[in-house]
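What you are looking at is a predicted structure, and each value in this text was computed from that prediction instead of being measured. Along the sequence shown, the residues carry numbers beginning at 1.
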Amino acid sequence: QEALDKKQSIEDGLTAEESYFQNTEPWRGVEDKNLFGTKNLRVKLAELQMKLIQSSFMSIVSDLKSQRDESLELLTSLGAIPST
């Protein structure tokens, strides 16, 4: 909240966050720095989102094809449009 009150830019906030994790225990001693920070969180969330989309995609396509087929059957059952 303090950063917002001071109208700190996003870039400055990200830099401060990175500095915090690099200089503050216990995070300072962790070798894998990809575990911390907003930038890394965004990357991990984007990867997770992509995996979820990929795992669901074929099911969604299958559902859409089924709905399309049902709609075509309903249209066919209505018959031809009478001419006027």
task = Examine distances only and state if a side-chain atom of Ser55 and a backbone atom of Lys51 form a donor-acceptor pair shorter than 3.5 Å.
result = yes
task = With rounding to the nearest 0.5 Å, note down the distance linking CG in Leu41 to CG in Asn34.
result = 12.5 Å
ask   = Which distance, rounded to the nearest 0.5 Å, do you find between the OG of Ser71 and the CG of Leu75?
value = 7.0 Å
ask   = Ser77 side chain to Leu74 main-chain N or O, any donor-acceptor pair under 3.5 Å?
value = yes
inquiry  = Rounded to the nearest 0.5 Å, what separates atom CD in Glu17 from atom CD in Gln22?
reply    = 11.0 Å
message = Is it the case that the side chain of Lys33 and the backbone of Arg28 share a donor-acceptor pair, with hydrogens and angles ignored and the cut-off at 3.5 Å?
response = yes
ask   = With distance as the sole test, does Ser19 use its side chain to make a donor-acceptor pair with the main-chain N or O of Thr15 at under 3.5 Å?
value = no
query = Do other residues, nucleotides or ligands put more than 12 heavy atoms under 6.0 Å from Lys44 NZ?
reply = no
ask   = Are the side chains of Lys39 and Glu18 in touch, meaning some heavy atoms are under 4.5 Å apart?
value = yes
query = Is there a path from Phe21 to Leu35 through hydrophobic residues (I, L, V, M, F, W, Y) whose side chains come within less than 4.5 Å of each other?
reply = yes
task = Count the heavy atoms of every other residue, nucleotide or ligand shown that sit under 6.0 Å from CG of Leu78, and state whether that count exceeds 12.
result = yes
key: Residue pair Thr38 / Leu14: nearest heavy atoms and the distance that separates them   = CB-CD2, 3.7 Å
task = Report the relative orientation of the aromatic rings in Tyr20 and Trp27; use parallel for angles under 30°, tilted for 30 to 60°, perpendicular for over 60°.
result = tilted
